[in-house]
Amino acid sequence: MGYPLTTYAQDKAHGTVINPSIVLEIDGYSRVFGVSSIKKYTRVGDVGLMIDGNWTIGGYTTKQDADSFISLDGSTTSISQQLNQDKGGTSSVSSIQIALIDKDEKITRLISPSVELTDILGRKAWVYLGFQDTAWPEDHVLLFSGIVDEVTSSSNIILNIAHPEQNKRQDIFITAEAEVNGSFNAAATTITLNSTANFLLPVTTIFYTYVKIGDEIIRYTGISGNDLTGCSRAQFGTIAASMSSGDTATSFYRLTGSAIDVALRLMLSGENQYFLTGFQINNFLRSTAGVDTTNSLFFAGVDMATKWGLVVGDYITTTGAANAANNFTLRQITSISYSIEGTLVTVDGAALVLEVDTDATMSVKSKYNVLPDGLGLGGDSVDVQGFEDIAATYAASIADYDFYLTETVKAKDFIDTEVLFPSNLYTLPKKAKISVGAVSPPLGIGTLATLDASTITNPSNIKIKRSINKYFYNTVVYKYDFDAVETDKPLAGYIRVDTDSKNQIPVGTKTMTIVSKGLRNNAATTAILDSNSIRFLEKYKYAAETIMVSGFYGELFNVDVGDSVIFGDESMPIVDSKFGVRGFTPRMCEVIDKRMDIKSGKVELTII
């Protein structure tokens, strides 16, 4: 599921009359926007709360710092996501538009530079979906997050919010070129260029730096002014040769690590050390419940893991605390816990001291921000915990890579097709972030939505399709171990043919070809290709069935692409080709397509 729903939100989702609630939050702006008035849970200490018998703790009150300015006319109300497991990724709505009513010119001031905000363009924004008369944010789910990349002003003002996936469309490890400055023999270990601008420095064990001059590839370990230092000559079987002024030096990099680690490092590394800066801390050690926890920071009313993507192992720097012991640099997070009061984050290092209602702020660095170049995303854009969960679940089938980067890298294509896909992984939008899934039979992890005659509409009209033109393969081919010098030349290959599939469906060879420039020819790679090719064919060798169902909010409200669901009901008169009868025996399936109309509440799913 996307996010777990509160009991009250579940009750609303299954109600007979459903009024959707959309909430827009903009980073750095003190007010939020809704379709109607926004509710919040009542808490002791709320501003304006009077002891008059008209409220109860845990009940609802109207949120005062909110405006009902969202107009569904002009806002995006249809959301679609499509999963292409056999292509290495997904296609989904790349942006969402929110139309705001410009009452009393409040939105005019919001979008005007240096009036309410320095600028709204480039601001992070979150769109939540829930039901009217439920609390925000607790009873809502995060529908979409991104940055405001466009503002259109008319009678209403429309904000366009771009999904983080769009930020993957960048060039990284841009090829650097310079000329040799001077003459150097075949044994020189320091080489001078006319400029070392844009040449990158190495990172121990995960990123190695080289330069190609003529036909020779040379490794360097440092840069001093215009000098490449610590040079090791004649790498990758090339021959050391003398060089002279004017010879061209071209960058050449080597990137290593597991598929999950490489993907996260590429997305989360960048020129900025911190992805979250100046975030207000409420207390050191003490929660609002009055409980003290060693070496903890407390953030009231916010889920730091869900919204900002903090994970264990990230680094925190604090400043502005009244007590000097609470000001520290790059301490590592050891635990994160969330309750209705807020989030408690603990860090390693020397003891912190009690400080309530502090003026301190924190900045957060991702533990994966280790490369000299990358997309510069943060945990608010990338589902880091989801990536780590997949790494733990499928550890034995996730490959270790050794990439030779000889030209500028197109980040999205590289991550999707070169890093994830050869390990039977694929990108998908989940929890309003960039996430990851694995090609495998559906897994029954957590609470699964049930799709049966009671939760879907018109079960007699359900369409079940098998085809030799889609979701059908009987052969898997890998081309890998590409040469460092002749970079378009694979030195190894792997083929698996499923003869049972070819005999049962005699239509010739249907091949999935996977090209991987990061896999190297060794025993570990062979074992992984054995496992992954079998798992891939198990899913597609008999032409996987796709099943199209529809319904309304309820069980389908919080289902995401990539989720496992229980589908089936022996009372439904639909074909169960597994047993050759009508009446579909319940079984686990996976959602590969979702279309949701926010206004009507209609949800259409395709499962496989």
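Note that the structure is predicted; figures quoted are calculated from it, not measured. For this chain, numbers begin at 1 and follow the sequence in order.
Closest approach of Ser145 and Ala432 over heavy atoms only: OG-O, 2.7 Å. Contact detail for Thr361 and Gly278: the closest heavy-atom pair is CB-C, 3.7 Å. In this structure, Asp314 and Lys367 approach most closely via the heavy-atom pair OD1-N, 3.0 Å. Across every non-hydrogen atom of Val211 and Ala249, the tightest pair is CG2-CB, 3.5 Å. Residue Ile528 comes nearest to Ser397 through the heavy atom pair CG2-O, 3.6 Å, listed as atom of the first residue, atom of the second, then distance. Of all non-hydrogen atoms in Pro422 and Tyr401, the two that sit nearest each other are CB-OH, 3.4 Å.
For the pair Asn283 (side chain) and Leu285 (backbone), a donor-acceptor distance under 3.5 Å is absent. Remark: the backbone N or O of Gln97 is paired with a side-chain donor or acceptor of Thr76 at under 3.5 angstrom. In this structure, the side chain of Asn295 engages the main chain of Gly349 through a donor-acceptor pair within 3.5 Å. No donor-acceptor distance shorter than 3.5 angstrom exists from the side chain of Asn369 to the backbone of Tyr274, with no hydrogens or angles considered. With Asn327 contributing its side chain and Gly320 its backbone, the two residues share a donor-acceptor pair below 3.5 Å. The backbone N or O of Phe199 lies less than 3.5 Å from no partner atom in the side chain of Thr196, so there is not a single donor-acceptor pair. A donor-acceptor pair under 3.5 Å is formed between the side chain of Asp563 and the backbone N or O of Asp560. Distance alone, capped at 3.5 Å, is enough to place a donor-acceptor pair between the Ser269 side chain and the Tyr368 backbone. Formation of a donor-acceptor pair under 3.5 Å by the Ser423 side chain with backbone atoms of Ala399 is found in this model. Proximity of a side-chain donor or acceptor of Asn282 to a complementary backbone N or O of Ala300 within less than 3.5 Å is detected.
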>> Run the side-chain contact (heavy atoms from CB on, under 4.5 Å) test on Ser75 and Ile70 for me, step by step, so that the C-alpha distance in whole Å, both residues' side-chain angles and the decisive distance to 0.1 Å come before the verdict.
In response: CA-CA 8 Å; Ser75 295; Ile70 293 179; 4.1 Å; yes
> Run the side-chain contact (heavy atoms from CB on, under 4.5 Å) check on Ile22 and Ile598 step by step: do they pass?
Replying inline: CA-CA 9 Å; Ile22 298 175; Ile598 294 171; 3.9 Å; yes
> Going through the checks in order, is the side-chain contact (heavy atoms from CB on, under 4.5 Å) test met by Val32 and Asp65?
Replying inline: CA-CA 7 Å; Val32 296; Asp65 52 350; 5.6 Å; no
> Passes side chain to side chain donor-acceptor pair (under 3.5 Å), Thr317 versus Ser363? Steps please.
Replying inline: CA-CA 5 Å; Thr317 293; Ser363 298; over 6 Å; no
>> Show, in sequence, the C-alpha distance, side-chain angles and deciding distance for Glu177 and Thr250, and conclude whether the side-chain contact (heavy atoms from CB on, under 4.5 Å) test is met.
In response: CA-CA 5 Å; Glu177 284 192 357; Thr250 305; 3.7 Å; yes
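Using a 4.5 Å cut-off on side-chain heavy atoms (C-beta onward), Tyr494 and Ile514 make no contact. In this structure, the side chains of Leu375 and Ile415 come closer than 4.5 Å at one or more pairs of heavy atoms. At least one side-chain heavy atom of Leu266 sits under 4.5 Å from a side-chain heavy atom of Leu371. Within the 4.5 Å cutoff, the side chain of Ser335 has heavy atoms near those of the Thr346 side chain. At a threshold of 4.5 Å between non-hydrogen side-chain atoms, the residues Arg265 and Leu255 do not count as touching. When side chains are defined from C-beta on, Thr277 does not count as touching Asn272, because their heavy atoms never get closer than 4.5 Å. Proximity of Pro490 to Tyr478: side-chain heavy atoms (C-beta onward) are nowhere separated by under 4.5 Å. Leu276 has its side chain within reach of Met304: a pair of non-hydrogen atoms, C-beta onward, lies under 4.5 Å apart.
Put simply, CD1 on Ile147 and CD1 on Ile161 are 10.5 Å apart, with the number rounded to the nearest 0.5 Å. Here Phe298 contributes atom CZ and Glu341 contributes atom CD; the two are 6.5 Å apart, rounded to the nearest 0.5 Å. Here the CG atom belonging to Asn326 is positioned 4.5 Å from the CZ atom belonging to Phe284, to the nearest 0.5 angstrom. Separation of atoms CG (Asp383) and CE (Met267) is listed at 9.5 Å; rounding is to 0.5 Å. Between the CZ atom of Phe387 and the CG atom of Leu420 there is a distance of 6.0 Å, given to the nearest 0.5 Å. The distance from atom CG of Leu310 to atom CG of Asp303, rounded to the nearest 0.5 Å, is 10.0 Å.
Ion pairing between Arg31 and Glu116 fails under the 4.0 Å rule for side-chain N and carboxylate O. Asp481 and Arg520 are joined by a salt bridge, as a carboxylate oxygen and a charged side-chain nitrogen come within less than 4.0 angstrom of each other. Look at Asp171 and Lys410 and you find a salt bridge, because one of the NZ, NE, NH1 or NH2 atoms lies within 4.0 Å of a carboxylate O, short of that distance.
Looking at Asp483 and Tyr404, their side chains never bring a donor and an acceptor atom within 3.5 Å of each other. Tyr394 and Ser440 share a side-chain donor-acceptor pair at under 3.5 Å.
Heavy atoms from other residues, nucleotides or ligands lying under 6.0 Å from NZ of Lys479 number 12 at most.
Results of the side-chain contact (heavy atoms from CB on, under 4.5 Å) test with Phe173 over Asn198, Thr406, Leu200 single out Leu200 as the only residue that passes. Exactly one of Lys594, His163, Glu165 qualifies for a side-chain contact (heavy atoms from CB on, under 4.5 Å) with Pro429. That residue is His163.
Using cut-offs of 30° and 60° on the angle between ring planes, the pair Phe536 and Tyr540 is tilted. Ring planes of Phe279 and Trp308: perpendicular class, angle over 60° (limits at 30 and 60°).
Seen from the ring of Phe482, Lys517 counts as a face-on cation partner, given the 6.0 Å and 45° thresholds.
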